[in-house]
Amino acid sequence: MIDQSREVFNDIPSLVRTIFYIAAAISIIVFFTGSWLRISTWFKGGDDPNDPVPKKSTLGLARISLLYIFSRDCLFAKRVVERSKLRAVMLLFVYWGFIVLFIGTIIVAIDYDMGADILKGGVYLYYSLVLDISGGFFIIGLLFFILRRYIFSRGAVVSAWDDAAVLILMLIIAVSGFCIEGIRLARFNPPSMDWSPVGAAFSVVIKAWIPDDGILLSLYRIFWVFHAATALFFIAFLPFSKQFHMFAAQITTLEAGMRKSKLMELVHD
Amino acid sequence: MTEKTSFVEGLTKRHLIELDACTRCSECLKWCPVQEVTGNRGISPPEKIRMYRDLINNTEGLKARLFGPRKVNRELLEEFAKAVFECTTCGACGESCEVGIFSQRLWPFLRKKMVDMGLGPLGPQANLPKVIERTGNPYDKPAEERYRPWFPQEVKVAGRAEIGYYAGCTGAYESQAMVRGDVLALGAIGEPFTMLPPEEEVCCGFPLFITGQHDRLEDLTRRLVDAYRIKGVKLLISSCPCCVNIMARDWPLFYGQELPFKIRHITQFVADAIKDGKFHFKEGLKEKLIYHDPCYLSRGVGVTEEPRSVLKSIPGVELIEFDRSGLDSRCCGAGGAARKVFHDNAIAMGRLTIDEAVGKGADRLVLSCPACYSKVNEAMEGYDKQIRIVDIMELIAELISGD
């Protein structure tokens, strides 16, 4: 087995690391504040006994919106499958890609910041493979939705400014992540390269264009900062954008399934 | 309109979550009948949701919480009000919604918010409360004409019975062949049924509900529910999908408790009677029929199978389907009390239904809603495509009485 482990802050100056942690803390605080504003607004609404959404406290609704991300209807995009299989597959690329990359980031935090030291050897290689492929699918899905919305829509898709913002932000985050990975692989050519097929493809292109290690190191640092900044901005921006649907839509999707039976009860019981 | 105007008050938790859930995937645009005939993306479901979210941000957004409510953009508000009233509330957008927004319920409540803010209702809709208060119906017709012109005298109505029949205002005044068919079918089934005296059978409240004018709803509901309760009704039947909808879904809320009777659409009652051997067609019909699902019967209360089962039980009938049928059916243009305000839209939608029915070679277009019946007939006036239109209960009456 190849002896490799996850590199987190290699070649990143300590000042940048410190700034990163401060920015991350601010971004998370903004995310939770924004989310709270939106969820507490939901709670200002009244109750309708015909609604399958049960009477819940604000925290209860917040919990439901998070837990239902993992409901069968949401994880497999049931309602999208019914309308368009292609769009459903692409949505699942984005949905699962996002979830896997998010979980991957949490694992890094546990591994590096909490000192769990789990991302090494075989575990690291599989981790690397899963995240690499998920990132690839994530980009394919995002490109599909960008093309659908802005190139092939012929006026059939309604868009606002934040549709473009969230799609482009997510694409920038994913692509810049692969650029960092590609530069790292191009510089060190590690034996674990085969476990990052998408990153390896980026590295081939990068190596062909920029053979100089000094330039690669500078680019690595630039991309690292850019990737971190866009990712943290996205986290903070999420509750203030339409992307908050990723929490609200879990509830409506699940509720729509329950509504069918509730609807039938009205005149069929 | 003040800066403190709340855009949240009066909505339910579900409405507010739904407003945050829209992804603007725009699948609904393919199914929205208003989009189909106007192509105006500015009044499309995702745009309405976006506009209303912007209005909510005036009072609930981060800036509003930190620095106080922002001044409401009057232009945006007026634009939104027009868009939400131009909708037929057919709910096709909700059925196709990939995140399951229940739009058939969302739009009426957003209309109510506009009414509360003095931006609705539009045109003749504003007269509804006064007219209903004066005559008991939205058509400003005298109560004594409610049953007289169409009621088949050979059918006996019981003073008290467990089955109650509610004709409804649109049926009684505008689609009389339908309600006559209802009563003939009830008579043929043979179970005793009762009706309220014409002056007591007032509006079910749906026109007020759908135009956002909720003030008199509790009163109307209480009058009707108590009147049927006194007559010993355990099962209330109507052929109007809008009436059935508000009775089943909203009457318990306005009445403040569970209703003392169950609600059924007449096609459900006839389908059960056929199944139980209480009713059968003596005559056949060698015709190709196409059935149109009314929005408030299909997406509203999930009745799609029973009308088809009734039609299929007529010997000789070939039943064909629209491309959009069942829960995906296309609105005929009559819905949401928009037909009298946005007349051209409604006629254009009605003609899409006619076009398809004619294109599929149907002998007759079968409806099961008095508003659909009235609007599709109107849409055919002066149109180059023609097809015979019949209400399902009118058809049943033909086969019973040989009319």
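Please read these numbers as outputs of a predicted model, since none were measured by experiment. We name chains A, B, ... by the order of the sequence lines, and we start the count at 1 in each one.
- Here the shortest heavy-atom pairing between W42(A) and L16(B) reads O-CD1, 3.6 Å.
- Proximity to chain A is limited to the side chain of L327(B), based on heavy atoms less than 4.5 angstrom apart.
- Between the side chain of K242(A) and the backbone N or O of C22(B), no donor-acceptor pair lies under 3.5 Å.
- For chain A, the nearby part of R299(B) is the backbone; its heavy atoms alone come within less than 4.5 Å.
- At least one donor-acceptor pair closer than 3.5 Å links the side chain of Q268(B) to the backbone N or O of V267(A).
- If you measure heavy-atom distances from Q35(B) to chain A, you find no contacts under 4.5 Å at all.
- Looking at R249(B), its side chain never comes within 3.5 Å of a backbone N or O of L266(A) through a donor-acceptor pair.
- Contact record, V158(A) with E47(B): CG1-OE2, 3.4 Å, taken as the closest heavy-atom pair.
- For the atom pair NE2 (H245(A)) and CD1 (I17(B)), the distance works out to 15.0 Å, reported to the nearest 0.5 Å.
- A160(A) is linked by a side-chain contact (heavy atoms from CB on, under 4.5 Å) to D162(A), D163(A), R24(B), R50(B), counting only residues two or more places apart in sequence or in another chain.
- Proximity to chain A (any heavy atom under 4.5 Å) is restricted, for S44(B), to the side chain, taken from C-beta onward.
- Proximity of a side-chain donor or acceptor of T12(B) to a complementary backbone N or O of G46(A) within less than 3.5 Å is not detected.
- When each of A248(A), A88(A), G155(A), A256(A) is scored by its heavy-atom pairs under 4.5 Å with chain B, the top score falls to A248(A).
- Figure legend: cation-pi geometry between R83(A) and W31(B), with NZ or CZ positioned under 6.0 Å from the six-membered ring centre and within 45° of its axis.
- Highest contact tally toward chain B, considering only R87(A), Q250(A), R148(A), is held by R87(A) [criterion: heavy-atom pairs under 4.5 Å].
- When D20(B), I56(B), T59(B) are each tested for a side-chain contact (heavy atoms from CB on, under 4.5 Å) with T41(A), only one passes: I56(B).
- For F240(A), the part sitting under 4.5 Å from any heavy atom of chain B is the side chain, from C-beta outward, and nothing else.
- Between the side chain of T252(A) and the backbone N or O of E18(B), no donor-acceptor pair lies under 3.5 Å.
- Salt bridge status for R38(A) with E60(B): absent, with no side-chain N to carboxylate O gap under 4.0 Å.
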